[in-house]
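Notes follow once the structure below has been shown.
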Amino acid sequence: MGREEDHELLQELRRMLVASAGQDKPQLPQKRFSVKSASTDHDSDNKLVCVTSGVSFLGLAVVNRLLLRGYSVRIIVDNSVDVEELREMTTANVNVTVVMAKLAEVESLSQAFQGCRGVFHTSGYTDPAGLSGYTKSMAGIEVKATENVMRACVTATVRRCVLTSSLLACVWQEQNDLSTIPVINHDSWSNESLCIHKKLWYALGKLRAEKAAWTLAKETGLKLTTICPGLITGPEFCSRNSTATIAYLKGAQEMYRSGVLATVDVMRLAEAHVSVYEEINKSAFGRYICFDQVIETEKQAEKLAGETSLTRNKICGNEEGSSIVHHLRYELSNKKLTNLLSRTLRSCYNQNQEYY
């Protein structure tokens, strides 16, 4: 991320830490239900978790939800400047610590994970050249970093890991049979050859990284779940998460015509991460698709274009030209995650009734 974007995220973290330390009293939704959720784990050590890329658009939201649920959070950053600045911010909040670790070094990550019972690998990557976009080389970096996180979890005896993948790891399918209306859900995987052919490097990176994580999890016995979100939105999401936003929308026209261009609010996504994590030892398993809106109309496409400073044509294309090619429209399903969240909310509600 650029330094201006970095500064904005650091300031947001400062505000969040002040609020969670009790020096400010913002209106925080669902706090009433989240208080007991973490306390169901009687071993206090189980409340210490680590968030990689903790100072990123998604990482900050995950940290926020964890703090509201009573967890102690260790944030990983990759440079000493951010460590010092963040440590000054976290002095008022004993539930947050900051450590420096390199995603390219397993030993560095293992040391950072020591004592943690869970890891959230939020995969917040930026272009090393400082430019917008996501290159083919970044896809390779993403895979290697994910493998390192998985290996470090095992070395540090971490019990559970939640990996942020992408809906793009599910939706890029070969459209051979136009006679059916297939469903894309947690069992769907994008076609790797298709991603390479279309130069969809962000989709390729997420696809390969997630597959690598599952391979290592099965080999080592690590309890892993993955969440595959749509385009992550929220306040000023494009300026605060520019690399991922621009990279995600490569191929937006085809996704729009196929019915798979979907978005998810960053706070809903963060809530999903924490809920899935808490259910790993109970009912949570495998992959979860996460979205709250499918971009299906021209009005929705125009709104998204405006939010991302793209032209309408970049999102929904030229109707006259697109009519020549027939695109199979898919149905996206996040039923698996919706069912889990519904059970979690009912459980929290029932537990809270005990206090009245």
Side-chain angles (χ1 to χ4, degrees), residues 51-54 56-66 119-125 134 139 142 146 149 161-172 183-190 195 200 202-211 213-214 224-238 240-252 255-256 258-277 279 284 286-295 300 304 307-308 330-341 344:
V51 179
T52 67
S53 301
S56 64
F57 188 51
L58 173 59
L60 282 174
V62 172
V63 170
N64 184 29
R65 303 316 298 174
L66 287 166
V119 168
F120 293 82
H121 183 38
T122 58
S123 307
Y125 288 87
Y134 188 102
E142 178 132 27
T146 299
V149 169
C161 180
V162 177
L163 168 69
T164 309
S165 181
S166 174
L167 185 58
L168 298 183
C170 309
V171 301
W172 286 103
V183 174
I184 289 180
N185 60 19
H186 54 276
D187 290 324
S188 304
W189 289 92
S190 288
C195 292
L200 301 167
Y202 188 72
L204 182 68
K206 294 298 185 182
L207 174 64
R208 286 180 171 175
E210 187 185 353
K211 284 187 173 181
W214 280 116
L224 173 70
T225 57
T226 60
I227 297 181
C228 303
L231 175 66
I232 304 174
T233 60
E236 301 175 341
F237 70 91
C238 189
R240 295 164 62 196
N241 195 32
S242 58
T243 297
T245 298
I246 294 171
Y248 191 103
L249 290 173
K250 185 174 183 180
M255 287 191 285
Y256 173 76
S258 300
V260 296
L261 181 56
T263 64
V264 60
D265 181 78
V266 66
M267 293 312 297
R268 172 179 166 80
L269 178 57
E271 185 69 30
H273 276 70
V274 180
S275 295
V276 166
Y277 171 79
E279 293 295 314
R287 308 170 80 212
Y288 291 86
I289 282 181
C290 186
F291 65 92
D292 51 25
Q293 182 184 41
V294 178
I295 307 300
Q300 291 171 333
L304 179 60
E307 292 171 333
T308 55
Y330 295 94
E331 177 185 338
L332 287 178
S333 173
N334 60 355
K335 184 176 180 180
K336 182 181 177 183
L337 178 61
T338 300
N339 289 342
L340 181 143
L341 294 177
T344 302

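What you see below is based on every heavy atom in this structure, not just the backbone, and it leaves out hydrogens, waters and symmetry mates.
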Is there side-chain contact between [X] and [Y], with heavy atoms separated by less than 4.5 Å?
X	Y	value
Arg208	Thr146	no
Thr263	Asp292	yes
Met255	Tyr248	yes
Leu224	Trp214	yes
Ile289	Cys170	yes

Got a sec, which residues hit side chain to side chain donor-acceptor pair (under 3.5 Å) with [X], two or more places apart in sequence or on another chain?
X	value
Thr164	His273
Gln293	none
Ser190	none
Thr308	none

Residues forming a ring pair (Phe, Tyr, Trp, His ring centres under 6.0 Å) with Tyr288, sequence neighbours excluded: none
Taking all heavy atoms of [X] and all of [Y], pick out the closest pair and write down the distance.
X	Y	result
Val264	Pro229	CG1-CB, 3.9 Å
Lys206	Ser165	O-OG, 3.8 Å
Ser56	Ser53	OG-O, 2.7 Å
Glu307	Cys238	O-CB, 3.6 Å
Ser333	Val183	CB-CG1, 3.7 Å
Ala272	Leu337	CB-CD2, 4.1 Å

I'd like to check the side chain to side chain contact (heavy atoms under 4.5 Å, CB included) partners of Ala203; sequence neighbours left out, ordered by chain and number.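 For Ala203, the residues satisfying side chain to side chain contact (heavy atoms under 4.5 Å, CB included) (neighbours in sequence not counted) are Leu168, Trp172, Cys195, Leu200.
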For Ala270, enumerate each residue passing the side chain to side chain contact (heavy atoms under 4.5 Å, CB included) test, keeping only those at least two apart in sequence or located in another chain. Ala61, Val62, Arg65
Give me the one residue out of Leu332, Leu167, Val294, Ile295 that meets side chain to side chain contact (heavy atoms under 4.5 Å, CB included) with Val260. Leu332
Tell me whether Thr52 contacts the main-chain N or O of Thr122 through its side chain, where contact means a donor paired with an acceptor under 3.5 Å.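 Yes; at least one donor-acceptor contact below 3.5 Å.
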Could you check whether any side-chain N or O of Asn334 sits under 3.5 Å from a backbone N or O of Phe291, counting only pairs where one atom can act as donor and the other as acceptor?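 Pair found, side chain donor or acceptor close to backbone of Phe291.
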Applying side chain to side chain contact (heavy atoms under 4.5 Å, CB included), run through Leu261 and Leu304 and close with a yes or a no. CA-CA 11 Å; Leu261 181 56; Leu304 179 60; 4.2 Å; yes
Gap separating the [atom1] atom of [X] from the [atom2] atom of [Y], nearest 0.5 angstrom:
X	Y	atom1	atom2	value
Leu58	Met267	CG	CE	10.0 Å
Leu66	Tyr277	CG	OH	8.5 Å
Ser242	Glu236	OG	CD	12.5 Å
Leu204	Ser166	CG	OG	12.0 Å
Ile246	Thr243	CD1	OG1	6.5 Å
Ile227	Cys290	CD1	SG	6.5 Å

Return the set of residues passing salt bridge (Lys or Arg N to Asp or Glu O under 4.0 Å) with Arg268 (not counting sequence neighbours), or none when no residue passes.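 Partners of Arg268 by the salt bridge (Lys or Arg N to Asp or Glu O under 4.0 Å) criterion come out as none, since no residue qualifies.
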Cation-pi check, Arg287 onto Trp189 ring (under 6.0 Å, within 45° of axis):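 Yes.
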